[in-house]
Amino acid sequence: MASRAGIRLTHGRSPLLSASASSSRPPPVLCVPLSKPKPYRRHLFVPLCRPLALRSSPGPSSYRTGFSSPVSSMSSSSYEKELAAAKKAASLAARLCQTVQKALLKSDIQSKADKSPVTVADYGSQAIVSLVLKMELPSEKFSLVAEEDSADLQKDESQETLKRITDLVNDTFSSEGTYSISVSEEDVLAAIDSGKSDGGPHGRHWVLDPIDGTKGFVRGDQYAIALALLDEGRVVLGVLACPNLPFTSIANLDGHSSENQIGCLFSAQTGCGAYMQLLHEPSAAKISVCTTENPADASFFESYEAAHSLHDLSSAIAKKLGVQAPPVRIDSQAKYGALARGDGAIYLRFPHKGYREKIWDHAAGSIVVTEAGGIATDAAGNNLDFSKGRYLDLDTGIIVTNKKLMPSLLTAVQEAIREQTQSASHL
């Protein structure tokens, strides 16, 4: 038995060799010499981002426009083990969240100072991700920028909630089977508080939103476990676990579908493209943003909650572009995943005045979209900068689309903002 950070940890079998662990590990990496090797000299090999024998999952022909053939990128990458760990962590956190959402109890909801609902799943998800990353990457310095801390859980009135979270974490590890692990309440509190890093421009920092779209989660709608890795201030990989997102397109369905296959895992690493697979299944297919060029043919996503984004501004922009389709309103960074696979062409987010975007609300989603061929900027056309700490300093809002639509979208956004500002000044 080996001990890590006070946690009793026993691997019944090596996760590197077990069949159960294979679903979250990257496929074998093919290495080729850069040049013809010379006798008695050290060879230089570069890993390719192309997994071997990767199968794309079936889907309706109308949806296949968002898919490419399985991985074809020839770029090198040094983040394969981190991506494998991130996918495993997000998938396990999603298991816990699914368990809670199926039997949501009134006592599971706490109230933070900002009045947003926080569930035991929020805390449990953060604990799971923290624990898995530390176990999978034991030799790496660990820094996590995350949404939750344990302050509320340490209050006397929260002891029953803490016990339930601890039980859920242990049950999740037990049911998944890769780890034989038992954690105490103190371990859970410590794991949650691992997320107190401030990030910044130097070193590596994990960025986590344990449940992005908490209100959607409470309603039984869309939410995501969003995990990304910063390296020297730049997002280099991202994973979105979206347990309630249909595997086929949600375009024009207002975020819902009768499709039987529910639950998606999106992943991306810099220079290697973006991929989607069924949650808890190993096979993945490369995805790409839609190729729509005519704004009139575009559809767009926006936040479900009017409190999260200025819907009237989005409507004004859509009118300027001549967009015919009504907006698709869904919660969380599931919007980034849906856009990355071609369900829609535009995502608009304009927070109310005074709100500061947090990096965990966009880090994972932004790299999934950009690796799928899209582009994400603020309203002035500036790239999103995740190197400034826990907050994103933006000009007005965030716009996401494909590269062909961005020029006309950016023009419409800036005109609409200018007109809105002038109108407000006359009041």
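Numbers here are sequence positions counted from 1.
- At distances below 3.5 Å, at least one donor-acceptor pair connects side-chain atoms of Thr401 with backbone N or O atoms of Ala345.
- Separation of atoms CD1 (Ile262) and OG1 (Thr248) is listed at 7.5 Å; rounding is to 0.5 Å.
- Heavy-atom minimum distance, Gln414 versus Ala379: NE2-O, 3.3 Å.
- With Lys403 contributing its side chain and Ile375 its backbone, the two residues share no donor-acceptor pair below 3.5 Å.
- Closest heavy-atom contact between Glu136 and Ala85: CB-CB, 3.7 Å.
- Rounding to the nearest 0.5 Å gives a distance of 8.0 Å between SG of Cys264 and CG of Leu279.
- The closest side-chain donor-acceptor pair between Lys88 and Thr178, if any, does not fall under 3.5 angstrom.
- Judged purely by atom type and a 3.5 angstrom limit, Arg349 has no side-chain atom pairing as donor or acceptor with the backbone of Phe301.
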>> What verdict does the side chain to side chain contact (heavy atoms under 4.5 Å, CB included) test give for Arg164 and Tyr123, after you've listed the backbone C-alpha separation in whole Å, the side-chain angles of each residue and the deciding distance to 0.1 Å?
In response: CA-CA 11 Å; Arg164 177 158 166 72; Tyr123 294 115; over 6 Å; no
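- Side-chain contact of Asp187 with Ser184: a donor-acceptor pair under 3.5 Å is present, judged by distance alone.
- Between the side chain of Asp212 and the main chain of Ala226, no donor-acceptor pair closer than 3.5 Å is present.
- Taking 4.5 Å as the limit, every side-chain heavy atom of Leu208 sits out of range of all side-chain heavy atoms of Trp360.
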> Given the rule in the side chain to side chain contact (heavy atoms under 4.5 Å, CB included) test, do Val239 and Ser267 qualify, once you have shown the distances and angles that lead to the verdict?
Replying inline: CA-CA 4 Å; Val239 173; Ser267 60; 4.2 Å; yes
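- Looking only at side-chain heavy atoms (C-beta outward), Gln269 and Leu229 stay at 4.5 Å or farther from each other.
- Under 3.5 Å, the side chains of Ser150 and Asp193 contain a donor-acceptor pair of N or O atoms.
- Residues Leu245 and Phe266 are in side-chain contact: their nearest non-hydrogen atoms beyond the backbone lie under 4.5 Å apart.
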>> If you apply the rule side chain to side chain contact (heavy atoms under 4.5 Å, CB included), what do you find for Gln261 with Glu281, and how did you get there?
In response: CA-CA 11 Å; Gln261 292 181 307; Glu281 295 292 337; over 6 Å; no
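- Considering only heavy atoms from C-beta on, Ile250 stays 4.5 Å or farther from Gln222 through its side chain.
- Summarising the geometry, atom CG belonging to Asp122 is positioned 6.0 Å from atom CD belonging to Glu147; distances are rounded to the nearest 0.5 Å.
- Shown here for Gly337 and Leu240, the closest heavy-atom pair between the two residues is N-CD1, 4.0 Å.
- Using a distance-only test at 3.5 Å, with no hydrogens or angles considered, no donor-acceptor pair links the side chain of Ser387 to the main chain of Gly233.
- The shortest heavy-atom contact between Leu131 and Ala191 is CG-CB, 4.0 Å.
- Atom NE2 of His280 is separated from atom CG of Leu92 by 8.5 Å, given to the nearest 0.5 angstrom.
- Of all heavy-atom pairs between Ala268 and Leu83, the closest is O-CD1, 4.0 Å.
- Rounding to the nearest 0.5 Å places CZ of Phe386 at 8.0 Å from CG of Leu230.
- Counting only distance, with no hydrogens or angles, the side chain of Ser175 and the backbone of Thr172 share a donor-acceptor pair below 3.5 Å.
- A salt bridge is absent between Arg95 and Glu176; no separation between the charged side-chain nitrogens and carboxylate oxygens falls under 4.0 Å.
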> side chain to side chain contact (heavy atoms under 4.5 Å, CB included) between Tyr391 and Lys358: does it pass, once the steps are laid out?
Replying inline: CA-CA 4 Å; Tyr391 293 94; Lys358 287 87 170 179; 4.0 Å; yes
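- Between the side chain of Ser130 and the backbone N or O of Gln126 there is no donor-acceptor pair closer than 3.5 Å.
- Of all non-hydrogen atoms in Leu321 and Pro295, the two that sit nearest each other are O-CB, 3.4 Å.
- Two residues are said to be in side-chain contact when any heavy atoms from C-beta on lie closer than 4.5 Å; Thr214 and Tyr223 fail this criterion.
- Looking at Arg390, its side chain does come within 3.5 Å of a backbone N or O of Ala146 through a donor-acceptor pair.
- For the pair Met406 and Thr377, the minimum side-chain heavy-atom distance is below 4.5 Å.
- Side-chain atoms of Ser366 come within 3.5 Å of backbone atoms of His362 as a donor-acceptor pair (strictly under, hydrogens ignored).
- A side-chain donor-acceptor contact under 3.5 Å links Asn402 to the backbone of Cys290.
- Within the 4.5 Å cutoff, no side-chain heavy atoms of Val323 are placed close to those of Ser299.
- Listed by chain and number, the residues in a ring-ring contact (aromatic ring centres under 6.0 Å, His included) with Phe300 amount to none (sequence neighbours excluded).
- Distance CG/Leu384 to CG/Leu392: 6.0 Å, rounded to 0.5 Å.
- For the pair Thr396/Val413, no side-chain contact is recorded, criterion being any heavy-atom separation below 4.5 Å from C-beta on.
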